[in-house]
Amino acid sequence: HRHLTGISGLQPHEIAFLLDEAEQWVDLNRRASKHDDRLAGLTLINAFFENSTRTLLSFEIAGKRLGADVVNMHAAQSSVKKGETLIDTAMTLNAMRADIIVIRHSSSGAVQLIADKVDCPVLNAGDGWHEHPTQALLDALTIRRRKGRIANLRVAICGDLLHSRVARSNILALTALAAEVRVIAPPTLMPPAIERMGVTPFTDFDAGIEGADVVMMLRLQNERMAGGFIPSPREYHALYGLTAERLERAAPDALVMHPGPMNRGIEIDSNVADDPVRSAITEQVEMGVAVRMACLDVLTRRRRGVEGWA
Ligand code: CP
């Protein structure tokens, strides 16, 4: 089966193909009746071993709009709490003859481990510090629709780069689509040798944001900092928070993005996050449903006897 464990396995034309496929679902989702039953008879299992609002709900909505039978497994209410291993849990889902499994897990690589064991396509909904491919696709779709293109745009990705699967997937997708990507983080939250990913690192926010067409803010992930350096929220906001004043340095029509959930007043000020013209944050959520519909459709095509993806 073809899985979607990361952007790293995709060619640029495959990324563009998934974005093109998502466009039809943006249109459908804006109609009063939002159904296309091409996944009727198929079973989608969303197995979430880590909390989520946007990703879980949008995969559930995406599956239902495509007519699939959708089942959600929340680890906190499952036999994982009785000590069942990840592989045993995966084999249990497999024995129920799932047709596609969506997984979120706190360990990097957990999704690949499951993908190697089950008999259906597996979609990564975020694994540890590794990747969150559908987030990068929905971000790319948001940028492409707002700006008309991705190539040659200057995109600044700012904040907790070290712990961010969103940043890794976005860097891979945006550089593949020929954007100029800058990353801005305090030295303690900047991954070592990140310039090898084809990005330019900055530790000075004001220098990094200069002329940016897109300013993508990241959440400060305190839950992943156990044993490490935890910045003080006040100091972090003073040096790396996106304020209206700082945004002045970006391009005049710069787009403000955040994957959510936001720490308002820490990495982003409310007046910037809620700016009706510049902020694309709620649009990102809308694009999330469309992109996930595209991924569910494309990954199950062979199973449905339809020509597989490009
Ligand atoms: N952006 C994102 O993945 O949000 P959730 O954790 O709420 O799914």
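Order of listing sets the numbers, starting from 1, for every ligand and every atom in it. The basis for the numbers below is simple: all heavy atoms, side chains too, and nothing from hydrogens, waters or symmetry mates.
Shown here are the ring-ring contact (aromatic ring centres under 6.0 Å, His included) partners of F59, two or more places apart in sequence or in another chain: there are none. Taking Y236 as the reference, Y240 meet the ring-ring contact (aromatic ring centres under 6.0 Å, His included) condition, with sequence neighbours excluded.
Residue pairs meeting the side-chain hydrogen bond (donor to acceptor under 3.5 Å, both in side chains) criterion with at least one partner in residues 189-207, sequence neighbours excluded, are D206-R246.
Look at D88 and K117 and you find no salt bridge, because none of the NZ, NE, NH1 or NH2 atoms lies under 4.0 Å from a carboxylate O.
If you look at ligand 1, the protein residues with a non-hydrogen atom under 4.0 Å away are S52, T53, R54, T55, R104, H132, Q135, P259, G260.
The backbone N or O of V289 sits nowhere less than 3.5 Å from a side-chain atom of S58 that would complete a donor-acceptor pair. Without hydrogens or angle criteria, H1 side chain to D119 main chain gives a donor-acceptor distance under 3.5 Å.
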